[in-house]
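Notes for the one structure printed next.
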Protein chains: 2
Amino acid sequence: MSLPHAILTALLERPSSGLELTRRFDRSIGYFWSATHQQIYRELGKLEQGGLIEAVPQPPSRGQRKEYRVLPDGRAELVRWVAEGQDPKPVRDPLLLRLRAAAVVGTAGLDVELQRHLAEHRRQLEEYLEIEQRDFPADGSGGGDRLHHLVLKAGIALETFWVQWLAEAVGELAGVPAADEAAGPGQPGIAG
Amino acid sequence: MSLPHAILTALLERPSSGLELTRRFDRSIGYFWSATHQQIYRELGKLEQGGLIEAVPQPPSRGQRKEYRVLPDGRAELVRWVAEGQDPKPVRDPLLLRLRAAAVVGTAGLDVELQRHLAEHRRQLEEYLEIEQRDFPADGSGGGDRLHHLVLKAGIALETFWVQWLAEAVGELAGVPAADEAAGPGQPGIAG
DNA sequence: TGTAACATGTAACTAGTTACATGATTAC
DNA sequence: GTAATCATGTAACTAGTTACATGTTACA
C-alpha cells in the first residue's frame, strides 16, 4: 500500500491541492510511483478522514481549490512505513513476457515494438541525465539531497539497463527469422 | 492485460492442469509474471469460455485434475498480442519511494531493510546465473532458445543493477545520520 | 479410518483504470 | 456571454490479493 505514503511524502515536501499533487505525480514522485487524479482525490479523502492530513480551512465546495497539509499522525505513519519490513517486489514486465511468447509463436511484429521501447527509454534516460546535471552538478554546488540523488541514480541505471538490453535484443531479433513457428514445444526456457 | 497471455504461453510450452501451472508460475514464467492459483483458475475459466483453450475431455468434478491445451484461436490471440503496441510501463517501486520518504522524515530503520533487499537480490542473481550455466553453457551445447536466453539475461542484468545500487545505498546511508529530521522542506528532489 | 497432500474452486476485499459529471475562474 | 482552463469529484469496471471451502487420492 504505497499510494498514501507517496502522498504523505509529497505533502511533507510541499503542502498542495489535489491538482497540484496530480501534476507532481506526472514527474518527480511520479517517476517511480504514478497515480491518476481520481486515485489521488480518493486517497486524500481517506487520509483526511483518518486524521493523517487536514485541509487548510476554507469554504469546502466543488470546483474550489483545497490545500492539504500533513498532521503529526501522518508524519508518524510515514516514519513507521520507512522502517517497515517489505519483501522486494519481483519483476513484472509484459515486454519480457512477450519475448517468451515470441519464442513459441514467432517474433512477427516484435522488432517494431522493441525499437519503439528503445527510443522511449533513450528519451527517459536523457531526461534523467539533464535533471542530474541541473540538481547534482559534479562540483557539489547543487545542494541537492544525497538520498534524492541516490534515487535518481537508480532511475538512470535502470534506463541504462533497458537501453543496452533492448539494443542487444534488436540485434538478436535481426538474426532470428520471424517465422510463425520459431521453436517447437518441449524446449524449456528459464528453469523449464 | 498480461495474465491470459502468460497462461497461453505456458500452455503452448506444455499443456498443464491448474496446479501444474501454479507451480510453473512459482519459477520460470513466474520470474517475470507472478500469479496465485486463484488468479490462474479464474483465468483458465475465462479462457475456456472464450474458446481460446479447452480442457482435455474428462469427468469434470471438483478435486479432479483437469488438463488444458491451447486452441487455434488461442494461438492466434497470442500472435496478435506479441505485435501489439504497448507503452513501456514506468518504474513503480516502493523501495525507491521509501528512500524519498526517508529524505523527509529520516532514515531510521531503513538500513536493515536495504541490507535485507541486498541479500535477497544476491540470492536471486545466483539462481539466475546457475540457470544460465545449466541451460546456456558457453560452448553452445545447451540448445536453449536464443530468445529465452535474452529474457534470462534481462533478469541477470536487473538483479545485478539492484545488487550494485543497494550496496551503494547501504554505504551512503552509513554516512548519513538517521535523524528524524534529515532535511528540511523546500529541497526539491527529482525535478522538484 | 484418519490424515496428509493433491487439486479445484468461491467470496470478499483492495488497488488501479477509464469514462464521465460538475462547479469556479479567467480571458476574450 | 461563452469558451477555455482550473479544480474536484462519482461511477463502473478490471486486476490482483487474502481467506476460506470442498472434494480426491494415497498410505499408514
Side-chain angles (χ1 to χ4, degrees), chain A residues 1-8 10-11 15-26 29-30 32-50 53-68 81 86-94 97, chain B residues 1-8 10-11 15-26 29-30 32-50 53-68 81 86-94 97:
Chain A
M1 229 184 31
S2 301
L3 180 59
H5 303 98
I7 291 178
L8 286 172
L11 286 181
S16 304
S17 67
L19 192 64
E20 271 171 359
L21 276 179
T22 302
R23 301 239 190 284
R24 292 171 64 194
F25 270 82
D26 283 341
I29 297 253
F32 43 93
W33 204 271
S34 62
T36 61
H37 83 271
Q38 291 89 339
Q39 267 181 288
I40 288 169
Y41 283 116
R42 202 196 312 172
E43 202 62 47
L44 282 171
K46 283 190 207 167
L47 287 169
E48 189 179 18
Q49 202 135 24
I53 64 174
E54 65 172 0
V56 182
Q58 270 211 19
S61 86
R62 209 161 172 135
Q64 200 71 36
R65 199 189 134 84
K66 225 160 80 183
E67 181 143 320
Y68 291 94
W81 181 75
Q86 289 175 211
D87 286 335
K89 52 121 229 188
V91 175
R92 209 134 195 280
D93 194 294
L97 203 52
Chain B
M1 226 184 30
S2 301
L3 179 59
H5 302 98
I7 290 178
L8 287 172
L11 286 181
S16 303
S17 67
L19 193 63
E20 271 171 0
L21 277 178
T22 302
R23 302 241 189 282
R24 291 170 66 195
F25 271 81
D26 282 342
I29 297 254
F32 43 94
W33 203 270
S34 62
T36 62
H37 83 271
Q38 292 89 339
Q39 267 182 290
I40 288 169
Y41 283 116
R42 203 196 313 172
E43 202 62 46
L44 282 171
K46 283 190 207 167
L47 287 169
E48 189 178 20
Q49 202 135 24
I53 64 175
E54 65 171 1
V56 182
Q58 271 212 17
S61 86
R62 209 160 173 136
Q64 200 72 35
R65 199 188 134 85
K66 224 160 79 183
E67 180 143 321
Y68 291 95
W81 181 74
Q86 289 173 209
D87 286 335
K89 51 121 233 186
V91 176
R92 208 136 197 279
D93 195 293
L97 203 54

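- With rounding to the nearest 0.5 angstrom, the CG atom of B:Leu3 is 4.5 Å from the CD atom of B:Glu43.
- In this structure, the nucleotide among D:dC6, D:dT17, C:dG16 sitting nearest to the side chain of A:Arg23 is D:dC6.
- Distances were taken from every side-chain heavy atom of A:Arg92 (C-beta onward) to each of D:dT8, C:dA11, D:dG16; the shortest belongs to D:dG16.
- For A:Arg65 against D:dT5, no side-chain N or O and base N or O form a donor-acceptor pair under 3.5 Å.
- The nearest heavy atom of DNA chain C to A:Trp33 and to A:His37 marks one nucleotide each, and the one closer to the 5' end goes with A:Trp33.
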Legend entry - side-chain contact (heavy atoms from CB on, under 4.5 Å) assessment of A:Tyr68 paired with A:Glu54: CA-CA 5 Å; A:Tyr68 291 94; A:Glu54 65 172 0; over 6 Å; no
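- When the nucleotides C:dG16, C:dT8, D:dG16 are ranked by their closest atom to the side chain of B:Leu3, D:dG16 comes out on top.
- Under a 3.5 Å cut-off, the side chain of B:Glu48 and the backbone N or O of B:Gly45 do not form any donor-acceptor pair.
- Rounded to whole Å, atom C1' of D:dG16 lies 13 Å from atom CD1 of B:Ile7.
- Distance from the side chain of A:Tyr68 is smallest to D:dG9 among D:dG9, C:dA15, D:dA7.
- The base of C:dT17 lies close enough to the side chain of A:Arg42 for a donor and an acceptor atom to sit less than 3.5 Å apart.
- For A:Tyr41, the side-chain atoms get nearest to D:dT8 when compared with the rest of D:dT8, C:dA7, C:dA15.
- B:Thr22 comes within 4.0 angstrom of nothing in the nucleic acid, heavy atoms only.
- Across the protein-nucleic acid pair, B:Lys89 atom NZ and D:dA15 atom P stand 17 Å apart, rounded to whole Å.
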Inset, instruction - Could you please spell out the steps behind the side-chain contact (heavy atoms from CB on, under 4.5 Å) verdict for A:Leu97 and A:Asp93? - result: CA-CA 7 Å; A:Leu97 203 52; A:Asp93 194 294; over 6 Å; no
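- Annotation: side-chain contact (heavy atoms from CB on, under 4.5 Å) contacts of B:Ser16 (sequence neighbours excluded): B:Leu11, B:Arg14, B:Glu20, B:Leu21, B:Arg24.
- The side chain of B:Met1 lies closest to D:dA15 when the candidates are D:dC20, D:dA15, C:dA7.
- Side-chain proximity of B:Gln38 to D:dC6, C:dG16, C:dG9: nearest is C:dG9.
- The phosphate of C:dA15 has neither OP1 nor OP2 within less than 4.0 Å of any side-chain N or O from A:Gln39.
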